[in-house]
Every structure is written in structure tokens, then in C-alpha cells.
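To keep things clear, I will list the structure first and then write my remarks on it.
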There are 2 protein chains.
Amino acid sequence: MVETTRRQAIEDAASSLFHEHGYSGTSVRDIARAVDIQGASLYAHVTSKEAVLQAIVDRAATRFEVAADAAEAAAANERPGDPVHAMAALVRAHVHVVADDVGDAGVFVHEWRSLGPEARDAILARRDAYEARFRHLIEEGIAVGAFGLVDPALAATVILTALNGIPTWYDPDGRLTADRIADHLVGLVGRMLACETL
Amino acid sequence: MVETTRRQAIEDAASSLFHEHGYSGTSVRDIARAVDIQGASLYAHVTSKEAVLQAIVDRAATRFEVAADAAEAAAANERPGDPVHAMAALVRAHVHVVADDVGDAGVFVHEWRSLGPEARDAILARRDAYEARFRHLIEEGIAVGAFGLVDPALAATVILTALNGIPTWYDPDGRLTADRIADHLVGLVGRMLACETL
DNA sequence: CCTACCGATCGGTAGG
DNA sequence: CCTACCGATCGGTAGG
């Protein structure tokens with residue numbers, strides 16, 4: 001990671017610390033040590049510990065949204081009205097966002113609970129909208145007979161939960177590359193939703 | 001929950017607090033307040049905060065193991081050599097253990113990282129053994145042609161990750177009962193692993 | 001199970 | 001970005 005600003009370096013360090021030890025399990029001095037400054041000096045760059053968390057969660061949410069927008073647009077262009085193809089693109093995009101920054105993804109998934117009420121509500125709304133992409137695609141797929149008769153809301157939650165778990169086990173140096181993981185997940189999710197009379 | 005001992009009441013209170021706010025985000029005084037005693041009085045019943053976490057994680061692990069043992073034994077008895085049936089039983093058992101105590105399940109899934117090195121290693125071994133049940137069943141199902149050609153390790157991780165996410169969204173007063181959720185998950189997981197030429 | 005208390009650490013501020 | 005420092009809270013102990 002090439003940091004352009006000190007502020008970004010702090011957020012990057014905090015991201016992996018929050019991911020590894022949780023927000024409550026990380027002190028501002030832990031973050032400061034990771035960027036080689038004194039604990040109190042952190043406040044020359046950030047206003048509070050919670051503001052750092054909010055910045056991380058915000059940028060992570062934006063990355064997921066941007067990637068999903070691009071994936072859905074590309075899928076609609078390549079194969080209009082094909083929810084199977086669109087779902088595959090969405091899953092693939094998600095896997096790559098996670099793999100690009102496991103810390104951010106993990107914090108986005110687990111640590112938003114530590115935000116204050118307003119910030120938490122805002123991020124929950126974005127999470128809901130993101131999950132709705134999956135649900136709507138499933139509903140569309142059922143309507144056109146491409147998917148079997150699953151409960152769309154439950155299926156969307158299960159798929160997203162499986163995707164959200166990736167930061168807890170993904171290893172950049174592991175057996176499978178992000179691309180291969182995406183391939184497998186596209187297959188697993190595809191079959192999970194498949195119309196049984198295929 | 002009917003508590004037989006004060007110790008159990010403390011663990012139950014700690015379980016839901018750890019689940020809601022995390023281990024680091026919960027103070028011993030938070031736990032004490034939940035059982036209406038002074039913070040320091042907690043130490044008349046437990047030796048340390050970490051010992052409470054360990055007790056919760058231990059009992060949760062045992063519940064998952066006992067339920068999986070029973071499910072696999074019953075499945076082997078009902079339909080010997082049928083990995084599809086065995087997988088369904090395993091998934092169903094898991095869902096019910098989670099639904100029976102969402103707090104314990106959530107702590108088991110997320111908070112074991114806060115344990116000391118020895119306890120953490122011990123619980124990791126039990127988690128690995130539990131995941132291996134799923135992996136072995138998938139390998140068996142592929143061998144007998146009941147499942148498609150998925151990557152067994154990856155599929156087991158994805159399934160378990162989806163199951164592990166249940167404590168984060170399950171609501172006892174929600175739209176779906178634990179039984180219905182189990183039905184749906186059995187179907188989703190079954191299709192996910194299905195031999196494509198069914 | 002309580003009161004009283006311990007040293008350590010917490011997030012954050014003042015003033016340079 | 002540093003030193004010096006703040007009040008609050010942390011997990012835990014002593015002694016009853």
C-alpha cells in the first residue's frame with residue numbers, strides 16, 4: 001500500500017488492527033505505534049478514534065458499492081436480462097473488493113457496531129441497500145424462471161453472510177488466489193440458486 | 001433460561017454481552033451489573049474475565065459437537081452411506097444449536113480470538129475438527145457421485161461460514177422459525193453441492 | 001457478597 | 001509532532 005497522506009497511513013494501520021483485534025481491543029496508542037508516532041500525536045491528524053473507524057467503514061462501503069455498480073452495469077451490457085450472469089458478476093466483484101483490502105472488508109463487516117448511533121444507522125442503510133441488490137436479482141431470477149423457488153430474502157442473507165465471512169479466512173498467500181476463489185464461489189452460489197429442472 | 005448456579009447466571013449474562021459488544025467491549029462491571037452485584041463481587045464466583053470467556057466458548061463447542069455426533073449417528077442409521085442425508089442432518093443440527101443459544105454461538109464464532117494462546121489453540125483444534133466433518137462428508141459425496149466436483153475444503157469453509165453468520169442475523173421473534181430456517185438452509189446447501197446431472 | 005483500594009491503561013487536551 | 005498531563009475506567013486484590 002502506497003500512502004499519499006499521513007492520515008491515510010493511520011487509517012490503513014488502524015484498519016488491520018481493528019480487523020485483527022477489534023475496535024475495542026485496539027487502543028489509539030496501538031495505532032500510533034504502528035505508524036511510529038506518539039499516542040497523543042495521532043490527534044494532530046484525526047479528531048477521534050471513532051472518526052478513524054468511520055472513515056474506514058465509509059471507504060470500504062464505497063468500494064463495495066462502486067464495484068457492484070460496475071459489475072451490474074457490465075453484466076447488463078453483456079447479457080441484458082440475465083440474472084444468472086448478473087449474480088455471478090456481483091459475487092465476483094465482491095470477492096475482489098475483499099481480497100484487495102481484507103482489513104477494510106473485515107472492519108466493514110464486523111466493527112460498524114462500535115460506531116455512534118447516527119454513523120451506525122447510516123452504514124446500516126448502505127448495508128441494507130447492498131444486500132437488496134442480491135435480493136432483487138434473486139427475485140428477478142425467480143420471476144424469469146432462471147432460479148428455483150428459494151426465499152429471496154433468506155437466500156440473499158445467506159449468500160451475503162458467506163461472502164462477508166471471507167475476510168475471516170482469506171489468506172493472500174494461501175492455496176487459492178482471489179480469482180480462483182471467485183470462480184468457485186460463483187459456481188457454488190449459482191448452483192445454490194439454480195432452477196432444479198435445469 | 002433457568003439458572004441452577006450463580007456461576008451459570010454470570011456466564012449467561014456474559015455470553016449475551018460478549019455477543020453484543022465483544023469481549024474487549026464488555027467490562028467485568030458490565031457483567032456484574034447484569035446479575036445485580038458489584039463488579040468486585042464477581043470474583044467470588046469466577047477467577048478472571050478470560051475464564052468466563054473460556055467457559056462460554058467451551059460449552060458452546062461441546063454443544064455443537066454433541067449435536068453433530070447425534071445428527072451423524074442418526075443419519076447413518078436412517079440412510080447408511082447417504083452423504084446427502086448426512087449433510088442435511090448436520091446443517092439442521094447446527095442451525096438448532098445456534099437458535100438454542102445465539103449468544104453462545106456468536107461468542108464461539110467471533111470471540112475465541114480474545115482467549116490466551118493455549119485456550120485459543122485448543123478451541124481452534126475443535127473448530128477445525130468440526131469443519132472437517134463437513135469436508136469429509138463432501139469428499140465422500142463426491143466419491144460416490146452424490147455431489148458435484150466442488151473443492152471440498154473451500155465448500156466446507158463456505159458452508160460453515162454461512163452457518164457461522166446465523167448468530168449475526170437470527171431473530172427468535174423474526175419471520176422465520178429456526179425450523180424453517182433449517183429447512184431452507186438444507187435446501188440451499190444441498191443444491192450448492194448437488195451433482196449437476198441430477 | 002460488600003467496601004475500599006491497587007497500578008495500569010484508556011481516549012483525549014494543553015501548550016509548545 | 002512532542003512532552004506533560006487530565007479524569008475515567010480497566011481487571012483484579014485485600015480484608016472482612
Side-chain angles (χ1 to χ4, degrees), chain A residues 3-58 103 107 110-120 123, chain B residues 3-58 103 107 110-120 123:
Chain A
E3 337 281 5
T4 54
T5 68
R6 204 88 178 108
R7 166 85 184 251
Q8 209 172 78
I10 290 169
E11 286 170 10
D12 289 343
S15 179
S16 57
L17 286 168
F18 290 169
H19 175 52
E20 224 173 321
H21 308 289
Y23 177 77
S24 304
T26 304
S27 71
V28 293
R29 280 151 182 91
D30 290 333
I31 301 169
R33 193 179 309 117
V35 293
D36 270 312
I37 58 174
Q38 294 299 314
S41 304
L42 214 70
Y43 291 88
H45 303 98
V46 302
T47 56
S48 71
K49 186 189 173 190
E50 197 193 314
V52 175
L53 175 61
Q54 194 172 339
I56 295 166
V57 169
D58 270 340
V107 172
H110 290 116
E111 304 302 327
W112 56 268
R113 291 158 202 272
S114 296
L115 290 169
E118 327 84 46
R120 188 171 58 231
I123 203 68
Chain B
E3 335 281 4
T4 53
T5 68
R6 205 86 177 106
R7 166 84 184 251
Q8 208 171 80
I10 290 168
E11 286 170 9
D12 289 343
S15 178
S16 57
L17 286 168
F18 290 167
H19 175 53
E20 224 173 322
H21 308 290
Y23 177 77
S24 303
T26 304
S27 72
V28 293
R29 279 152 182 90
D30 290 332
I31 301 168
R33 194 180 307 116
V35 292
D36 271 312
I37 58 175
Q38 294 298 313
S41 305
L42 213 69
Y43 290 88
H45 302 98
V46 302
T47 55
S48 71
K49 187 189 173 190
E50 198 193 313
V52 176
L53 174 61
Q54 194 172 339
I56 295 166
V57 170
D58 271 340
V107 172
H110 291 114
E111 304 302 325
W112 55 270
R113 290 159 204 272
S114 297
L115 289 169
E118 327 83 46
R120 188 171 58 232
I123 204 68

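Worth knowing before you read on, the calculation uses all heavy atoms, side chains too, and leaves out hydrogens, waters and symmetry mates.
- B/Ile37 is listed as a side-chain neighbour of B/Arg6, based on a closest heavy-atom distance under 4.5 Å.
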Using the side-chain hydrogen bond (donor to acceptor under 3.5 Å, both in side chains) rule, take A/Asp30 and A/Ser27 through it: C-alpha gap first, then chi angles, then the decisive distance, then the call.
-> CA-CA 5 Å; A/Asp30 290 333; A/Ser27 71; 3.2 Å; yes
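- Rounding to whole angstrom units, OH of residue A/Tyr43 and P of D/dT3 are separated by 17 Å.
- The phosphate of D/dC10 has OP1 or OP2 within less than 4.0 Å of a side-chain N or O from B/Ser27.
- Straight-line distance from the CZ atom of A/Arg6 to the C1' atom of D/dC2: 14 Å, rounded to whole Å.
- Distances were taken from every side-chain heavy atom of A/Ala40 (C-beta onward) to each of D/dT3, D/dG11, C/dC1; the shortest belongs to D/dT3.
- Counting only heavy atoms from C-beta on, B/Arg29 has its side chain closest to D/dC10 among C/dC2, D/dT3, D/dC10.
- A/Ser24 comes within 4.0 angstrom of nothing in the nucleic acid, heavy atoms only.
- In this structure, B/Ile10 atom CD1 and D/dG11 atom P are separated by 14 Å, rounded to whole Å.
- In this structure, the side chains of B/Tyr23 and B/Val107 stay at 4.5 Å or more apart for every pair of heavy atoms.
- To the nearest angstrom, P of D/dC1 lies 10 Å from CG of A/Leu42.
- Nucleotide C/dG15 has D/dC2 as its partner under the Watson-Crick or G-U criteria, with both atom distances under 3.5 Å.
- Distance B/Leu53 CG to D/dG12 P: 12 Å, rounded to the nearest Å.
- Taking atom NE2 of residue B/His45 and atom C1' of nucleotide C/dC1, one finds them 7 Å apart after rounding to whole Å.
- In this structure D/dA8 sits in a base pair with C/dT9, meeting the Watson-Crick or G-U test at under 3.5 Å.
- One interatomic measurement links the two molecules: CD1 of B/Ile31 to C1' of C/dC1, which rounds to 17 Å at whole-angstrom precision.
- Rounded to a whole Å, the NZ atom of B/Lys49 is 15 Å from the P atom of D/dT9.
- Screening A/Leu17, A/Val57, A/Val46, A/Thr47 for a side chain to side chain contact (heavy atoms under 4.5 Å, CB included) with A/Val52, the sole residue that qualifies is A/Val46.
- Not a single donor-acceptor pair under 3.5 Å links the side chain of B/Arg29 to the backbone N or O of B/Gly39.
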